[in-house]
Number of protein chains: 2
Amino acid sequence: MMNEQTGTVRSPGRPRSEKAEKAIIDAAIDMIAEGSGIGELSIEAIAARAGVGKTTIYRRWSNKEDLVVDALASLRPPIPELAGGSVREDVIRYLAVLQREGNNRTTRCFMNIALSEHDRYPHLMERFRATVLRPRREVLRSLLQRGIDRGELRADMDIEVAMAALSGAMMFFTKWHEGDGDLPADLAQRITDSILTGLLAPNTGLGGAVLHGE
Amino acid sequence: MMNEQTGTVRSPGRPRSEKAEKAIIDAAIDMIAEGSGIGELSIEAIAARAGVGKTTIYRRWSNKEDLVVDALASLRPPIPELAGGSVREDVIRYLAVLQREGNNRTTRCFMNIALSEHDRYPHLMERFRATVLRPRREVLRSLLQRGIDRGELRADMDIEVAMAALSGAMMFFTKWHEGDGDLPADLAQRITDSILTGLLAPNTGLGGAVLHGE
DNA sequence: ACATTTCGATACGATCGAGTTTCGCAACGA
DNA sequence: TCGTTGCGAAACTCGATCGTATCGAAATGT
């Protein structure tokens with residue numbers, strides 16, 4: 001009755017097939033990656049593509065949203081690894097990863113859903129925040145914090161805004177780039193340098209920081 | 001047979017009701033604003049809400065996408081008006097408008113669709129680019145260009161990247177802000193100052209621009 | 001061997017929505 | 001008055017999908 005390794009109760013009968021479970025989730029992800037919104041996704045189509053009976057799906061998830069939540073959570077886009085060089089180098093590396101992911105079909109559709117079904121599927125959104133957004137945010141935050149500690153970045157920097165500017169700029173390009181050509185290869189570098197350097201002309205007399213005062 | 005004002009042919013019979021047309025479009029917009037994706041939107045529901053027969057819809061649009069395209073095109077979110085003050089002031093004003101719109105239910109759902117149905121409904125996306133994206137882009141571009149001409153902004157600025165950073169940062173907040181509270185009231189100002197000033201510490205010896213060299 | 005549970009397949013009733021047709025009435029020009 | 005066209009309402013056919021039930025076979029523990 002007891003599983004020797006885990007100590008949990010082992011129910012009698014034929015065990016559930018992990019292969020089927022994987023096939024179902026893969027099928028769901030594939031269909032999302034092909035552009036289905038959650039609304040268009042049908043259990044029947046998932047079952048057919050996974051080569052699985054509908055029963056096998058309903059035995060595991062009671063509705064579509066639960067399935068999609070699990071499917072998307074199983075997707076774990078890589079968290080950018082930083083080399084620990086200069087802050088500028090690491091920020092470029094970080095944005096380059098975002099850019100590469102933005103061109104990946106699966107990540108792209110995943111992000112589409114995260115952006116648009118925001119209000120309709122709160123569970124899903126929370127999962128997205130936890131597995132994708134927050135880890136990256138922390139990587140970037142600690143990177144910027146390191147820059148401050150080292151004196152490479154200004155100590156009075158608005159970290160939240162800086163993170164939004166860097167990630168948002170890249171997101172803006174990957175979503176709304178005019179023309180269907182690829183994004184420029186040096187985009188990560190250009191974004192990084194623009195935001196690190198700032199837009200103000202160098203010799204306005206005062207250092208830029210003074211402008212902060214109201 | 002000829003319409004006196006326009007010179008066009010006036011067909012016989014009862015003319016089409018402009019009121020019905022407006023009611024249909026309003027109903028469609030309402031339902032989109034309530035969170036329906038295009039997939040969930042049904043012609044029957046639109047007809048019912050508009051108090052109109054389905055025939056009246058099919059007589060005008062041959063399918064759902066055409067109707068939605070027209071409906072969304074009829075929506076004309078205001079293009080930010082700039083006061084012509086300092087560049088900093090105008091950028092803040094511009095971003096403040098974006099922020100306000102991000103909290104508006106209709107604009108928000110409109111944007112959701114633009115973000116996610118990107119690939120599935122190309123007509124719709126093109127219309128969105130033309131009526132929303134491009135005009136704003138031009139406002140912001142000319143604003144930054146003016147800053148360069150006046151010497152307030154650096155002459156070697158990467159305008160495309162700067163626009164993406166400003167808009168992207170605000171978009172990032174309006175879409176993915178943690179916590180459900182409202183966005184801070186001074187957000188537009190914080191974004192503007194952070195990006196104008198840049199993130200680099202002031203006294204790294206060299207002016208920031210030198211870092212651009214590879 | 002036997003009980004139990006899952007498997008894929010298939011069928012089922014129910015619902016929903018698309019798109020078409022029909023109806024009687026309303027609005028227009030001639 | 002008459003022909004034409006638009007109107008809303010309703011009925012209709014058709015296909016998709018839902019969620020459930022049932023089947024014989026397969027996989028496990030006892």
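Chain letters run A, B, ... following the sequence lines, proteins first and then strands; every chain starts at 1. A quick note: this is a predicted structure, and the numbers were derived from the prediction, not measured.
Atom CD1 in I46(A) sits about 12 Å away from atom C1' in dT17(D), given to the nearest Å. Rounded to whole angstrom, the span from the CH2 atom of W61(B) across to the C1' atom of dG6(D) amounts to 14 Å. In this structure, the NZ atom of K19(B) is 10 Å from the P atom of dA27(C), given to the nearest Å. For D66(B) and dG19(C), the CG to C1' distance is 15 Å, given to the nearest whole Å. dT6(C) atom C1' lies 15 Å from atom CD1 of I57(A), rounded to whole Å. Spacing between atom CD of E40(B) and atom P of dC18(D) amounts to 12 Å, rounded to whole angstrom units. Rounded to whole Å, the distance from CD on E44(A) to P on dG8(C) is 15 Å. In this structure, R14(B) atom CZ and dT4(D) atom P are separated by 17 Å, rounded to whole Å.
Of the candidates dT4(C), dC18(D), dA18(C), the closest approach to any side-chain atom of K64(A) belongs to dC18(D). Nearest to the side chain of S42(B), among dA18(C), dC18(D), dA27(C), sits dA18(C). Side-chain atoms of P15(B) lie closest to dA27(C) of the nucleotides dA27(C), dG19(D), dA18(C). The side chain of T56(B) lies closest to dC7(D) when the candidates are dG17(C), dC7(D), dT4(C).
Here E160(A) pairs with R141(A) in a salt bridge; the nearest charged N to carboxylate O distance falls below 4.0 Å. Salt bridge annotation for D90(B)-R93(B): present, with a cationic side-chain nitrogen under 4.0 angstrom from a carboxylate oxygen.
Within 4.0 Å (heavy atoms only), T55(A) reaches at least one base atom of the nucleic acid.
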Worksheet item: Taking it one step at a time, do R59(B) and R16(B) satisfy side chain to side chain contact (heavy atoms under 4.5 Å, CB included)?
Response: CA-CA 10 Å; R59(B) 202 173 287 119; R16(B) 293 198 177 166; 3.4 Å; yes
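Contact annotation: R16(A) does not reach the phosphate of dT5(C) (side-chain N/O to OP1 or OP2, under 4.0 Å). Taking 4.0 angstrom as the limit, S17(A) places none of its side-chain polar atoms (N or O) nearer than this to OP1 or OP2 of dT6(C). Contact annotation: R59(A) reaches the phosphate of dC7(C) (side-chain N/O to OP1 or OP2, under 4.0 Å).
If K54(A) and R60(A) are placed on DNA chain C by their nearest nucleotide, the residue sitting closer to the 5' end is R60(A).
Among R60(B), K22(B), R127(B), the one residue that satisfies the salt bridge (charged side-chain N to carboxylate O under 4.0 Å, His left out) test with D70(B) is R127(B).
Contact of the I191(A) side chain with the F173(A) side chain is registered, since non-hydrogen atoms from C-beta on lie closer than 4.5 Å.
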